[in-house]
Amino acid sequence: MATDRLSMVGNEENPLALFLRDRRARLDPAAYGFSPSRRRTPGLRREEVAQRANVSATWYTWLEQGRGGSPSAEVLDRLARALELNPVEREHLFLLAQHRPPQVQYEAPQGVTRRLQCVLDAMTYSPAFVRTVRWDIVAWNHAATKVLGDYAELPPDQRNSLRLIFGNRRVRERMTEWESDARGIVATFRAEIARLGASREVETFVAELCEQSPEFAAMWRDHDVRRYGEGTKHMRHPVVGHIALDYSVFAVNEQPGLSMVVYSPATPEDATRVRRLVDGPAGSGVT
């Protein structure tokens, strides 16, 4: 009883201790091979969590009592696995314990959900697509096919923004400011893969691009980094001529490996041109 009272006092102003205790109480002992009988409270016992996390039972008890010190990132990772924390809970654990988020661990996206595709399709006059951390284009809307190009006409391995910019003559000709745009895109790509912890996952892809495009290789060697949150894209469309499009990039919630890029006409005149393309007959593709 004295230990329980000490735990209550320590937990009173210790969010980390309270969070650990709450998540421990949610676990079913039988699911982890522990006997569910003779338990005064729900969930795993402290020593069982300590066993699963390969830490000292005494130290873990102190941690739940608000006096265990600051755990290392390695220990926090073991605790997160022992308590079956989801990504949001794991991040919260690190914020409580170390006042910073955990080091990014890249996870390949699981694909575009039906709801996300509906969001794309709802933007009638705003070309939009979803891309991966490697900048593969994995979903798009009707406006994108008319204004940017029909990605369905391309083989799946060519539906990649970097491959198109550096390897597709038609796409390059449409870019009125190719040099500056290409440099900005390479710098943004470098910053993005580092932020998402995906540098190793794209090594082979980057090597292929460097071999196929001396221009990409030269820009990649510059080691520039840049953010790509918002801006204006200028393009030369073969049907309606010059179009200026404002763009914004959004992270896809629960899938950090996906981003949604949305373009909007920059001026009323650009809006008229976009409407003409979207409402008219099939336009020119990207190939």
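Since the model is a prediction, treat every value here as computed from it, not as a measurement. Values below: every heavy atom of this structure, side chains too, minus hydrogens, waters and symmetry copies.
Residues F34 and L44 are in side-chain contact: their nearest non-hydrogen atoms beyond the backbone lie under 4.5 Å apart. By the 4.5 Å heavy-atom criterion applied to side chains, Y60 and R24 are counted as neighbours. Looking only at side-chain heavy atoms (C-beta outward), Y32 and Q51 stay at 4.5 Å or farther from each other. Between D224 and R190, the closest side-chain pair of non-hydrogen atoms is not below 4.5 Å. Here the side chains of V249 and R227 are not in contact, with every heavy-atom distance at 4.5 Å or above. Contact check for R163 versus E208: side-chain heavy atoms found under the 4.5 Å cut-off. Using a 4.5 Å cut-off on side-chain heavy atoms (C-beta onward), L148 and F129 make contact. With a 4.5 Å cut-off on side-chain heavy atoms, D77 and F94 count as touching.
Using a distance-only test at 3.5 Å, with no hydrogens or angles considered, a donor-acceptor pair links the side chain of R78 to the main chain of A53. S180 places a side-chain N or O within donor-acceptor distance of the main-chain N or O of E177, the cut-off being under 3.5 Å. Not a single donor-acceptor pair under 3.5 Å links the side chain of Q158 to the backbone N or O of L164. A distance-only check finds no donor-acceptor pair linking the side chain of D136 to the backbone of N160 [under 3.5 Å]. Side chain of R159 to backbone of L154: a donor-acceptor contact under 3.5 angstrom is found. A side-chain donor-acceptor contact under 3.5 Å links Q117 to the backbone of W140. Panel note: side chain D150, backbone T145; no donor-acceptor pair is recorded below 3.5 Å. For E89 (side chain) and N86 (main-chain N/O), a donor-acceptor pair under 3.5 Å exists by modelled atom type.
Taking NZ of K233 as the start and CD1 of I185 as the end, the distance is 6.5 Å to the nearest 0.5 Å. Residue R81 holds its CZ atom at 11.0 Å from CG of L76, rounded to the nearest 0.5 Å. Note that the OG1 atom of T132 and the CD1 atom of I137 stand 9.5 Å from one another [nearest 0.5 Å]. Distance check, rounded to the nearest 0.5 Å: CZ of R195 to OG1 of T188 gives 10.5 Å. Rounding to the nearest 0.5 Å gives a distance of 7.5 Å between CZ of R221 and SG of C210. Between the CG atom in L20 and the OG1 atom in T61 there is a gap of 11.0 Å [rounded to 0.5 Å].
No side-chain N or O of N141 forms a donor-acceptor pair with one of D121 less than 3.5 Å apart. For the 3.5 Å distance criterion, the side chains of W178 and E173 fail to qualify, holding no donor opposite an acceptor. Residues E269 and T267 bring a donor and an acceptor atom of their side chains to less than 3.5 Å of each other. Side-chain contact annotation: D246 with S264, donor-acceptor N/O pair under 3.5 Å absent.
The salt bridge (charged side-chain N to carboxylate O under 4.0 Å, His left out) test with E48 is passed by exactly one of R52, R46, R45: R45.
Cation-pi check for R134 over F205 is met; the charged atom lies under 6.0 angstrom from the ring centroid and within 45 degrees of its normal. Under a cutoff of 6.0 Å and an axis angle of 45°, R275 and Y125 form a cation-pi pair.
Taking both residues in full, the closest heavy atoms of R174 and V147 are given as NH1-O, 3.8 Å, listed atom of the first, atom of the second, then distance. Between A50 and A57 the shortest heavy-atom distance is CB-CA, 3.6 Å. Heavy-atom minimum distance, N14 versus G66: ND2-CA, 3.2 Å. Across Q98 and A73, no two heavy atoms sit closer than the pair NE2-N, 3.3 Å. Between I243 and D270, the shortest heavy-atom distance links the atoms CA-OD1, 3.6 Å. Between S199 and A194, the shortest heavy-atom distance links the atoms OG-CA, 3.9 Å.
Clustering ILVMFWY residues whenever any of their side-chain heavy atoms sit less than 4.5 angstrom apart, transitively, puts L83 in a cluster other than the one holding L95. Note on V225 and V133: separate hydrophobic clusters, where clusters join Ile, Leu, Val, Met, Phe, Trp and Tyr whose side-chain heavy atoms are under 4.5 Å apart, directly or indirectly. Under the 4.5 Å side-chain heavy-atom criterion for Ile, Leu, Val, Met, Phe, Trp and Tyr, W62 and L18 are members of distinct hydrophobic clusters.
Sparse packing is recorded around CD of E211, with 12 or fewer heavy atoms of other residues, nucleotides or ligands lying under 6.0 Å away. Few gaps surround CZ on R39; more than 12 heavy atoms of other groups in view lie less than 6.0 Å from it.
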- Decide side chain to side chain contact (heavy atoms under 4.5 Å, CB included) for T232 and Y247; before the verdict, give the C-alpha distance in whole Å, the side-chain angles of both, and the deciding distance to 0.1 Å. CA-CA 6 Å; T232 302; Y247 64 80; 5.6 Å; no

- Step by step, would you call R90 with L79 a side chain to side chain contact (heavy atoms under 4.5 Å, CB included)? CA-CA 9 Å; R90 176 177 175 269; L79 288 174; over 6 Å; no

- Would you please test M175 and I165 for side chain to side chain contact (heavy atoms under 4.5 Å, CB included) and show each step? CA-CA 9 Å; M175 298 172 64; I165 290 167; 4.1 Å; yes

- Task: Take F19 and E64 through the side chain to side chain contact (heavy atoms under 4.5 Å, CB included) test and state the conclusion after the steps.
- Result: CA-CA 9 Å; F19 184 68; E64 280 202 7; over 6 Å; no

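A salt bridge links R172 and E215; the closest N-O separation between the charged side-chain nitrogens and carboxylate oxygens is under 4.0 Å. Checked for salt-bridge contact, K146 and D279 miss the test: no charged N lies under 4.0 Å from a carboxylate O.
W220 and F166 have their aromatic ring centers separated by at least 6.0 angstrom.
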